[in-house]
Amino acid sequence: MSDNSSKPETLAIHGGQAVEPITGAVMVPVFQTSTYAQPAVGQPKNGYEYSRSQNPTREALEAAISSLEGRDIEGGAHTACFGSGSAATAAVMHLLSAGDKVVSGDDVYGGTYRQFTKVFARQGIAFSFVDFTSVSPEQAIPEGTALVWLESPTNPLLKVADISALAARAAEVGALVVVDNTFATPIFQQPLTLGADFVVHSTTKYINGHSDVVGGCVVTADPDLMTRIRFIQNSTGAVPGIWDCWLTLRGIKTLAIRMERHQSNALALVAWLKDHPKVGKVWYPMDASHPQFEVASRQMSGFGGMISFELNADLAAAERFCAACKVFTLAESLGGVESLIELPAAMTHASIPADVRKEIGITDGLVRASVGIEHIDDLIADVTQAMAAAGI
Ligand SMILES: *Cc1c(COP(=O)(O)O)cnc(C)c1O
């Protein structure tokens with residue numbers, strides 16, 4: 001992008017989204033085609049052969065994400081889009097070979113953990129899981145590590161890993177570093193500028209932002225790494241549908257302004273919850289009481305809309321509370337314009353044994369909220385009435 005359009009608010013709307021040259025259409029058209037006519041044998045027009053390999057709508061979305069993640073990188077970034085965040089994760093893992101060793105955060109997204117332990121472990125890749133916030137980078141990443149998988153902030157306790165320190169250690173041992181940047185988005189955190197080799201997103205969440213598409217992407221500043229990811233994208237074929245790319249392009253236009261509101265609502269709700277006599281701990285990285293507040297302040301310019309808080313209540317009362325919410329929808333997932341609420345112990349993290357859950361801090365009264373962009377007064381009124389209805 002040109003020098004005068006390097007701000008994220010502008011890039012979200014214009015990055016990679018040129019006016020269509022034939023008609024002047026302002027919005028990138030839906031190129032809903034599987035194949036392209038070739039003027040002569042072996043001479044595809046402008047390189048377009050087949051939509052698994054090349055599609056202009058998908059390319060516009062890829063360029064838009066690149067413009068945001070790579071806005072402060074000389075030479076920019078490169079993005080490959082996939083049919084889901086999980087498919088994006090798998091594409092990165094396909095770079096590895098049997099015998100390679102991976103170090104992953106111990107509280108990564110459950111689907112990521114499942115893919116590592118139930119799919120790629122069977123293919124001979126070795127995984128170890130560590131709490132990057134409680135050991136040194138040297139202890140966390142031993143010699144011989146091929147890849148480091150970080151998620152920051154994590155879910156549901158919003159732990160923050162020191163990306164620069166871990167990337168520096170990974171560089172010493174020659175390991176690739178991947179950061180799942182789904183929660184922070186490039187609006188608030190740009191891991192490639194902190195030394196990460198790859199960023200992965202579930203674009204299902206904030207990037208699309210409207211809870212109507214499942215998608216994912218892999219981003220890197222290294223053209224050679226992108227060539228390898230593109231080869232995997234084309235040869236394993238987990239590409240997104242074209243309408244989904246178009247919807248995500250529509251969604252990304254408001255990413256910056258949405259993140260601003262998600263954050264201001266989250267901050268106001270955190271302040272209200274902290275004052276509430278029936279609420280115990282509240283987790284939000286922008287709060288000075290957060291254990292990694294200092295690292296978070298250094299590597300993030302904002303903290304988004306994810307919060308967790310502990311109700312002074314047993315599981316049954318916490319379940320009644322979640323069910324009684326009316327503006328907050330009781331649902332898994334996150335990152336949409338609408339506020340969602342869930343109970344990790346009974347929902348997203350129910351597969352973790354109860355004693356392990358307690359040990360890592362996921363108590364029965366722990367509530368996770370994806371704070372949407374509704375009016376804050378309505379959100380606080382909703383939580384208030386739901387507590388009363390649940391007898392908390
Ligand atoms: C949802 C999510 C994923 C998986 O993405 P899907 O699009 O659901 O496949 C990965 N990482 C994080 C942090 C997520 O929230």
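What you are looking at is a predicted structure, and each value in this text was computed from that prediction instead of being measured. Values below: all heavy atoms of this structure, side chains included; hydrogens, waters and symmetry mates excluded. Counting convention: from 1, in listed order, for ligands and their atoms alike. Numbering starts at 1 and runs along the sequence shown.
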Kindly indicate, with the supporting measurements, whether the criterion salt bridge (charged side-chain N to carboxylate O under 4.0 Å, His left out) is fulfilled by K159 and D106.
CA-CA 11 Å; K159 284 200 284 189; D106 64 353; 3.7 Å; yes
Can you check side-chain hydrogen bond (donor to acceptor under 3.5 Å, both in side chains) on Y284 and S289, steps first, answer last?
CA-CA 9 Å; Y284 187 61; S289 69; over 6 Å; no
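Judged purely by atom type and a 3.5 angstrom limit, E151 has no side-chain atom pairing as donor or acceptor with the backbone of F183.
Taking the six-membered ring where the residue is Trp, Y113 and F129 present tilted rings, their angle falling between 30° and 60°.
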May I have a table of the N/O to N/O pairs between ligand 1 and the protein that fall below 3.5 Å, each row giving the two atom names and the distance to 0.1 Å?
from	atom 1	to	atom 2	distance (Å)
ligand 1	5 (O)	S202	OG	3.0
ligand 1	7 (O)	G85	N	2.8
ligand 1	7 (O)	S202	OG	2.8
ligand 1	7 (O)	T204	OG1	2.7
ligand 1	9 (O)	G85	N	3.2
ligand 1	9 (O)	S86	N	2.8
ligand 1	9 (O)	S86	OG	2.7
ligand 1	11 (N)	D180	OD2	2.6
ligand 1	15 (O)	K205	NZ	2.7

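Both tests do not hold together for K278 against F309: distance to the six-membered ring centre under 6.0 Å, angle to the ring axis within 45°.
Looking only at atom types and distance, the side chain of E294 has no donor-acceptor partner in the side chain of S297 under 3.5 Å away.
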